[in-house]
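The model shown is predicted, which means the values in this text are computed figures rather than measured ones. The basis for the numbers below is simple: all heavy atoms, side chains too, and nothing from hydrogens, waters or symmetry mates.
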Amino acid sequence: MKQTRNMLSRLLRTAALFLITASLTACASSRPLAAAGHADIDTVTVHIPGISREYSLLFLTDMHIVVPGESADGRLQDYASERLSHFTDETGHVSSELFASWMDYANQTEPDALLLGGDIIDSPAPSNIEYLGQSLGKLKVPYLYAVGNHDWTYPWEYMTETGTESYLPLLSPYMDSNTAIHSLELDDFIIVAVDNSNNQIHPDALEEYRSILARNKPVILLLHVPFYTEELLAEASAVWPNSVVLGGGVHGGIYPNDVSAQFMSLTTAADSPVAAVLAGHVHFSNVSSLAGEKNIPQIVGDAGYKGKATLIRITADLETP
């Protein structure tokens with residue numbers, strides 16, 4: 001009798017998930033997905049003195065892709081059905097459709113790199129991981145991926161040892177086999193992706209980051225959780241009940257631990273080669289300057305599930321009149 005009830009429960013979950021998916025797909029199909037790359041892109045310019053040419057970087061963050069799939073674990077199906085409806089744009093297109101559109105856009109426009117700021121998938125469900133791999137496998141441009149908190153966690157395994165050992169490594173193939181820190185070097189600068197998805201800088205990243213900075217080549221830092229700025233914290237506090245910025249603990253942000261404090265000091269030091277910081281996590285756009293010895297812009301991208309992206313233009317110094 002118990003087995004019959006369990007089987008019936010699984011069938012009901014599958015049917016409910018199918019109906020939700022079919023409803024959303026029908027909504028999307030009635031409104032054709034517009035080609036990405038128009039009013040949905042914010043353009044921000046970063047100036048790096050002495051570079052040889054102009055660069056363009058396409059920055060996507062917080063896609064929260066949910067791809068329904070069958071699973072023996074009923075929690076995965078329940079979670080997918082609950083989360084799927086949250087991550088659609090204003091026209092009813094689900095995040096996986098939007099991500100596919102941005103992949104096509106990147107292949108068509110050929111930016112120097114595609115930068116992924118974390119929470120690209122909403123959980124490490126097998127169907128999400130499979131879709132992620134298939135999508136990135138179609139890219140014709142280089143990409144760099146900073147891990148986000150949702151990329152490797154479930155609500156029932158949030159920042160746990162199981163998550164760290166079983167789910168986080170699933171992202172390793174897309175992060176140069178090192179989820180803590182990895183980089184993409186272009187002719188004139190280095191883009192460095194660092195894991196701070198648990199609201200602190202991953203301890204394995206600090207020494208490698210120090211070595212990269214010591215090369216004195218300009219650096220663009222890619223994170224998921226943004227660093228504290230007064231302007232960003234004020235805006236985030238109006239949206240989120242808990243602090244979502246690293247630093248500024250006395251002002252309401254997250255107090256950095258020793259590793260994070262060292263990392264932030266290196267980033268904002270007077271002799272730091274860091275030209276800009278890119279982050280996501282808060283689901284709105286913001287450009288403000290980090291406090292420190294050097295005036296470094298932090299560019300926070302709007303959520304990709306809204307159909308949003310950011311184009312980062314890297315240019316030499318502004319011409320003087």
Could you verify whether a donor N or O on one side chain and an acceptor N or O on the other, from [X] and [Y], lie under 3.5 Å apart?
X    : Y    : result
N196 : S260 : no
D122 : H64  : yes
D42  : T310 : no
H224 : N149 : yes

- Item | More than 12 heavy atoms from other groups under 6.0 Å of CD on E230 |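 Result for CD/E230: open.
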- Mark yes when over 12 heavy atoms from residues, nucleotides or ligands other than K217 sit less than 6.0 Å from its NZ; otherwise mark no.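 Atom NZ in K217 is packed in, count exceeds 12.
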- Item | Those residues that, when tested against E207, pass salt bridge (Lys or Arg N to Asp or Glu O under 4.0 Å) (two or more places apart) |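 E207 satisfies salt bridge (Lys or Arg N to Asp or Glu O under 4.0 Å) with R210 only.
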- Message: Check this for me: does any side-chain nitrogen of one of E157 and R75 sit under 4.0 Å from a carboxylate oxygen of the other?
- Response: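 No, this pair does not count.
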- Does R313 pair with E54 as a salt bridge, N-O distance under 4.0 Å?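 Salt bridge flag = yes for E54 with R313.
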- Hey, could you give me the CG/CZ distance between L98 and F87, rounded to the nearest 0.5 Å?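 Reported value, rounded in 0.5 Å steps: 12.5 Å.
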- Item | Distance, nearest 0.5 Å, that separates CD1 of I191 from CD1 of I220 |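 Taking CD1 in I191 and CD1 in I220, the distance rounds to 5.5 Å.
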- Do L171 and W152 have side chains that get closer than 4.5 Å, going by heavy atoms?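 The answer is yes; the side chains approach within 4.5 Å.
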- Do Q77 and E82 come close enough that some side-chain heavy atom pair is under 4.5 Å?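 No, their side chains stay 4.5 Å or more apart.
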- Message: Could you report the tightest heavy-atom contact between V66 and A80, atom names first, then the distance?
- Response: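 Result for this residue pair: CG1-O, 3.8 Å.
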- Would F99 and W102 count as a close aromatic pair, with their ring centres under 6.0 Å?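 Distance test on ring centres: not under 6.0 Å, no.
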- Query: In the single-linkage hydrophobic clustering (I, L, V, M, F, W, Y; side-chain heavy atoms under 4.5 Å), do Y145 and I190 co-cluster?
  - Reply: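 Per the 4.5 Å side-chain linkage, Y145 and I190 are not co-clustered.
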- Task: Tell me, please, which residues at least two apart from D112 pass side chain to side chain donor-acceptor pair (under 3.5 Å).
- Result: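 Result, side chain to side chain donor-acceptor pair (under 3.5 Å) vs D112: R53.
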